[in-house]
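Residue numbers begin at 1 in each chain, while the letters A, B, ... track the order of the sequences.
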Protein chains: 2
Amino acid sequence: MTAARKRAPSARSLETRKRILDAAEKVFSRHGFDGASLREIATLADVPVGLVHHHGGSKEALFAETVRRHAGLLAEIRMRDLKALKEKGPLTLEAIMDCFFRAYQKLVNEEGDQWLDYGRLVAHVSADARWRDLAAECFDPTTQHFMEAILSLYPKATSELAATGQIFSVAAMLAFFNANWRLETLSPGASPPDMNHLVRFSAAGMKALLQAKPA
Amino acid sequence: MTAARKRAPSARSLETRKRILDAAEKVFSRHGFDGASLREIATLADVPVGLVHHHGGSKEALFAETVRRHAGLLAEIRMRDLKALKEKGPLTLEAIMDCFFRAYQKLVNEEGDQWLDYGRLVAHVSADARWRDLAAECFDPTTQHFMEAILSLYPKATSELAATGQIFSVAAMLAFFNANWRLETLSPGASPPDMNHLVRFSAAGMKALLQAKPA
DNA sequence: GTCTATAATGAGATAGAC
DNA sequence: GTCTATCTCATTATAGAC
């Protein structure tokens, strides 16, 4: 065993820690890793900068911890819903993709808008090769399960095509969380984006990839 | 008239300026605005840091100029190809979307891989609300033309849906330029992404949005 | 136009008192 | 655990010689 186990942290400490991670989630999700500063996080959390280091370690470690904190719950919901879907059967592509995306909306409805921040945070992780390992650790296992479920519907399709479709779909999802501002300029007065649109778009795109005739 | 016009810059000056903008394109496209440093740009361009300021002004101005430099050519090609497509007729959704995406590939084939960098740069502009005005200036006019062409095929669809589909499609395109690394982890040994996949995915997704029955 | 030197700011990280 | 003060470094930006 590696040295002595740390004592259980006090309630106060846990609360401070939560405040710091909440603030980090907000700031990182809005400005990205490079654009965020520990000082802004400390200010938002209303703690001295030193405490951010104490709880989060380096900036990179804090970022990773912020991403990891909620990844488990997201994965859990997705896997649970996918399982329920399989048991209910029969599976459809639309239902699988809906299940993948809808997890965020459920969390927003149940726990609040901080999950929108988390969605944007995931966007940054997925968009930058620097977080390759973190993304693989937090999201790939779930993604693989969904890809397998999708491939079970299209036995002739390659996993390469399913992965491509998955990447395009996740990209669209990230745009969904970020694109209010762009929608406004392209189509003034448009109502905020609807998750059903995202599901319909991605499912149709995925289907087009997987059904394609080999040349 | 506002003061005297500047003299025509020397050939040497123009060449230095090009080197700086080329370097800026590379560095900004790889690290984003916040992650990039003027020093790295200067080093890559093999000029002293001071010169970067002289030619580019502030970091923000340099970024905007880098984006603007090639936006015109991209827009021109897209508009020319769209016009040719219309004259050839009849229009199809796939052909329109192909025309929109293929411009990058044509440029890569004709002028080289720096256009892959430019594609990534566009990604950063499109993903961050901070560049709202820059994106509107450089890309929205072309995008609007393509949206109109698409809507002409689906007279009953709303411009809001077309804009949503356009945003999702551009997001997928940006993933296409960035996602080699993710494809590798999701489907090891996969060949590099194929632009035909992008076209098929986006066209099918767009069609699904525009054909949807009103509730 | 070019280049060097330097100013001015803000960053992440740390040491040590409480 | 908490907080203050400080260190060290890298950044953008500018002033001025050539």
Sequence-distant partners of [X], side-chain contact (heavy atoms from CB on, under 4.5 Å), two or more places apart:
X	result
B:His70	B:Glu25, B:Trp115, B:Tyr118
B:Thr142	B:Ala75, B:Arg78, B:Met79, B:Phe146
A:Val49	A:Arg39, A:Ala42
B:Asp22	B:Lys18, B:Arg69

So, for [X] and [Y], which heavy atoms are closest and what is the spacing to 0.1 Å?
X	Y	answer
A:Val27	A:Ala36	CG1-CB, 3.6 Å
A:Ala149	A:Lys86	CB-CE, 4.3 Å
B:Cys138	B:Arg68	SG-CG, 3.7 Å

- Using heavy atoms and a sub-4.0 Å distance, could you list which residues of residues 21-31 of chain A are near DNA chain D? By number, please. none
- Note on the structure: Here the residues of residues 52-70 of chain B within 4.0 Å heavy-atom distance, strictly under, of DNA chain D are B:His53, B:Ser58, B:Lys59
- Note on the structure: Between CD1 of A:Ile20 and P of C:dG12 the distance, given in whole Å, is 14 Å
- In whole angstroms, how far is the P atom of D:dG1 from the CZ atom of A:Arg17? 9 Å
- Item | Set of side chain to side chain donor-acceptor pair (under 3.5 Å) partners for A:Arg130, sequence neighbours left out | A:Asp34
Could you list the donor-acceptor pairs under 3.5 angstrom formed by side chains in residues 95-106 of chain A, with sequence neighbours left out?
residue	atom	partner	partner atom	Å
A:Asp98	OD1	A:Arg102	NE	3.3
A:Asp98	OD1	A:Arg102	NH2	2.4
A:Asp98	OD2	A:Arg102	NE	3.4
A:Arg102	NH1	A:Gln105	OE1	3.1
A:Arg102	NH2	A:Asn196	OD1	3.1
A:Lys106	NZ	A:Asp81	OD1	3.4
A:Lys106	NZ	A:Asp81	OD2	2.9

Residues 162-180 of chain A, side-chain donor-acceptor partners within the protein, below 3.5 Å, at least two apart:
residue	atom	partner	partner atom	Å
A:Thr164	OG1	A:Glu160	O	2.9
A:Ser169	OG	A:Gly165	O	2.8

- Task: Measure the shortest side-chain to side-chain distance between A:Arg30 and A:Asp117 over non-hydrogen atoms and say whether it is less than 4.5 angstrom.
- Result: yes
- Would you mind reporting whether B:Leu93 and B:Ile150 have side-chain heavy atoms less than 4.5 Å apart? yes
- Partner residues of A:Glu87 under the salt bridge (Lys or Arg N to Asp or Glu O under 4.0 Å) criterion, sequence neighbours left out: A:Lys83
- Examine C:dT2: is either OP1 or OP2 under 4.0 Å from a nitrogen or oxygen in the side chain of B:Thr16? Give yes or no. yes
- Message: Among residues 34-51 of chain A, which ones have heavy-atom contacts with DNA chain C below 4.0 Å?
- Response: A:Ala36, A:Ser37, A:Leu38, A:Arg39, A:Gly50
- Could you give the angle between the helix axes at the two ends of the helix from C:dG1-D:dC18 to C:dC18-D:dG1, with five pairs per end, rounded to 10 degrees? 0°
